[in-house]
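Below you'll find the structure, written out as structure tokens, and then a few comments.
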There are 2 protein chains.
Amino acid sequence: MGRQVVVIGAGSWGTALTVILGENVAKYREDFSPTVWLFDEKVDGKSLVETFNAKHENVKYLPNIKLPHNVVGNISLAFQVLKILVLHQVACKDIKECARDADILVLAIPQQFLANTCQSMVGCVKPNAVGISTVKVRGTSTFSYYYVLKPIFCKGVELVDHHDIVPLSTVISRILHVRVAALMGANLALEVAEKQFCEATIGVEDEKDGAILKKLFQTKNFLINVVNDLPTVELCGALKNVVACAAGMVDGLGYGSNTKAAVIRLGFIEMIEFIKRLYPNSKLTTFFESCGLADLITTCYGGRNRKVTEAFAKTGKSIAELEKELLDGQKLQGPYTAEQLCDMIEARGLSAEFPLLVTVHKICSGQWKVDSLIDRLRSHLAN
Amino acid sequence: MGRQVVVIGAGSWGTALTVILGENVAKYREDFSPTVWLFDEKVDGKSLVETFNAKHENVKYLPNIKLPHNVVGNISLAFQVLKILVLHQVACKDIKECARDADILVLAIPQQFLANTCQSMVGCVKPNAVGISTVKVRGTSTFSYYYVLKPIFCKGVELVDHHDIVPLSTVISRILHVRVAALMGANLALEVAEKQFCEATIGVEDEKDGAILKKLFQTKNFLINVVNDLPTVELCGALKNVVACAAGMVDGLGYGSNTKAAVIRLGFIEMIEFIKRLYPNSKLTTFFESCGLADLITTCYGGRNRKVTEAFAKTGKSIAELEKELLDGQKLQGPYTAEQLCDMIEARGLSAEFPLLVTVHKICSGQWKVDSLIDRLRSHLAN
């Protein structure tokens, strides 16, 4: 009997990872027997899961990408190499059954449902199971989300209060009482699913988890580096969105490529310094992994944070207005992360050391004008 | 009597720097009395220098940018705060006069004329003068250039043979017998001249030169960091063009932003490792300066190396053909630098450690197909 891999969630990113896991499991089936759980919903009047099974495709979240044939969306096919468990909501009964099987528990559900979903698995997860957070933030428009879950999560991290910040892996680990790793990197779901060449970083707390997780996730087009520096891996994913906001403002203000490169460089340095303050054992080499430099660069050129803050600088509209217009009401991650970081930085009297991180919040919240970004950098650097 | 600053050369970059120096000299005129030397030529039938004086503008190399009024193109106005020395060719007599005045000697002439020009100043430069190389490569189409000057220069470095590489500052220093610093960074001449916010790095060998040079070059829009790590500063400027060639190939092959970010990340790591092998005292912090990370990013997104290799991957034409079509016959720096680096790397048996640098040469020279770039990275990273 091999180890069971259970995937919780199948949006575009979870589905892209399922493509990889399905193929790897077929290759390593003596070792692994994965299960994928996803949230069912109606798409064009049909069950997403029924279509999923019939077409081997997630028609809502990752259309036109074929899933491996060992991926089947039916809980009853318990002996399929890869199976999909389908629930109509975040219900306890069936997810508990999944959780009980898991030796490797892959968390790929939307972040705003993460805590509740983990709560629903409490007591069911084997004590020697290994979790891996692959959670990406999509945001939400509902105030109640902020209210209910506050302190809420940023990508990769939970901001517990104004003076501390806790990686999501720690949050999961505290709820489920298992070791939890994290997978981060410059990974657009569609590019990964299309088998474009890219990389990712898996951060672990325990070296021995690394080999298993790398074996499960690595393909010839999706290359994994494992680093024993989990907090840095996750915090990079949160902080890069703040730098991307500054990059977007530079674009919106009409500055050229020299200015933008300067802002990315400075943002990278502030990320390193900030994370080192929180986690003095943070390793500099981790910032050179895909989760660090590569994810930062691609986010500063192509991400949604960059796009919205470019429009912010150009139009003078508020972030909230632009979220409605450009993101269909979803919240943008960078400004929210910046707000939380700024609170932490100010509470510790460190504003002068993190001018970029602070300024992004001051501008996004309307306290400072957008062109103060350049003034702040100028006065900081001229020292 | 203040210190004399002599600028040798006034193309677009030299002129942009003259704008800065002119303003700073006006501010610090008790300390500095600069002289700018440029190569005269006919533009629309008129002397470039006469137009320069009449309009306070370099109409050929930096049109529409007004020079400070203390910049005057006439050798006879010896007591102007800033004056331009005009010669009809690289003649010894007048350049020797300039050189004799210099306490700070700013070299901004095209690289292919650098060695000859320095030769023409031999014996005239004060032994306690300080040189600063700001040389950027523009390339040339003439075989004779390669023949005559071989071993030739790359941006920031001279490739002396297949087993060594010498920064341009060292070349200048060996000819003129003075200390020579270097100014590098993410600096497009026009953006600098337009006073967009950007940064640069000055590499020095002697700390005490740093303060003087920073005072001369820094403005509120052109921020200077001085680092005591001259070879790293110059070598970054050479190696980044090779990485940009790989970035262009990724674009031309149709890969997405994840792949490109991976290539930039890996290229940055290879740059660091390569330079550390040549200069074990190289400081990691220097790679985080404008001359390192910022210049690399902007070159990989916007530079001519990226552009030509994108076309190379798309069209299947040779680099030589594309140089004719896209660069009016000028040589592209990246492929040439890659060739020299590859020779060095192979001679030392280090190919496996620098897959990106080696592969860029193999592809540009037609030995390997362009899509082997991804295969090489894949096999390297999968280890």
Side-chain angles (χ1 to χ4, degrees), chain A residues 185-192 194 196-200 214 218-225 250 253-266 268-269 272 284-285 287-290 292-303 371 373-375 377-383, chain B residues 185-188 190-192 194 196-200 214 218-225 250 253-266 268-269 272 284-285 287-303 371 373-375 377-383:
Chain A
N187 309 134
L188 283 175
L190 185 61
E191 292 184 14
V192 171
E194 287 177 344
Q196 289 205 19
F197 172 81
C198 69
E199 308 174 282
K214 180 166 181 162
Q218 178 157 294
T219 71
K220 67 175 190 167
N221 294 309
F222 188 65
L223 298 176
I224 304 289
N225 258 3
V250 166
L253 287 167
Y255 284 92
S257 56
N258 294 343
T259 312
K260 186 163 173 177
V263 162
I264 296 171
R265 171 182 98 77
L266 293 166
F268 191 48
I269 292 171
I272 294 170
L284 186 60
T285 50
F287 294 91
F288 286 87
E289 296 291 343
S290 182
L293 183 58
D295 201 10
L296 174 66
I297 291 174
T298 197
T299 305
C300 286
Y301 278 88
D371 53 10
L373 172 66
I374 306 298
D375 293 335
L377 293 176
R378 183 181 284 133
S379 60
H380 177 65
L381 287 164
N383 292 333
Chain B
N187 309 133
L188 284 175
L190 185 61
E191 293 184 13
V192 172
E194 287 176 346
Q196 290 205 17
F197 172 81
C198 69
E199 309 174 282
K214 181 166 181 162
Q218 178 157 291
T219 70
K220 66 175 190 168
N221 295 308
F222 188 64
L223 297 178
I224 305 289
N225 257 4
V250 166
L253 288 166
Y255 284 92
S257 56
N258 295 342
T259 314
K260 186 164 172 177
V263 163
I264 296 172
R265 173 183 97 78
L266 293 165
F268 191 48
I269 291 171
I272 294 170
L284 185 60
T285 49
F287 294 92
F288 286 87
E289 296 292 342
S290 182
C291 63
L293 182 58
D295 201 9
L296 174 65
I297 291 173
T298 198
T299 305
C300 286
Y301 279 88
D371 52 10
L373 173 67
I374 306 298
D375 294 335
L377 293 177
R378 184 181 283 132
S379 61
H380 177 65
L381 287 165
N383 291 333

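A, B, ... follow the sequence lines: proteins, then strands. Residue 1 opens every chain. These numbers were taken from a predicted model, which means no experiment stands behind them.
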Taking the side chain as C-beta and beyond, is there a heavy-atom pair between [X] and [Y] under 4.5 Å?
| X | Y | result |
| --- | --- | --- |
| A:Phe197 | B:Leu253 | no |
| A:Asn258 | B:Gln196 | no |
| A:Leu293 | B:Leu293 | yes |

**Prompt:** Tell me, side chain or backbone of A:Glu289 under 4.5 Å from chain B's heavy atoms, or both, or neither?
**Reply:** both
**Fill in**
dist B:Arg378:CZ -> A:Leu223:CG (nearest 0.5 Å) comes out at 7.5 Å
**Prompt:** NZ of A:Lys260 to CD1 of B:Ile297: how many Å apart, nearest 0.5 Å?
**Reply:** 10.0 Å
**Request:** State, to 0.1 Å, how close A:Ala262 and B:Ala294 come at their nearest heavy-atom pair, and which atoms those are.
**Result:** N-CB, 4.4 Å
**Fill in**
Residue from B:Asn221, B:Ile269, B:Ile374 scoring the most non-hydrogen pairs under 4.5 Å with chain A is B:Asn221
Taking side chain as everything from C-beta outward and backbone as N, CA, C, O, which of these in [X] sits under 4.5 Å from a heavy atom of chain A? Side chain, backbone, both or neither.
| X | answer |
| --- | --- |
| B:Leu284 | side chain |
| B:Ile272 | side chain |
| B:Tyr301 | side chain |

**Which of A:Gly292, A:Ser290, A:Gly302, A:Cys300 touches chain B most, by non-hydrogen pairs under 4.5 Å** = A:Ser290
**Request:** Under 4.5 Å, counting heavy-atom pairs only, tell me which of A:Phe268, A:Tyr255, A:Phe288 racks up the most with chain B.
**Result:** A:Phe288
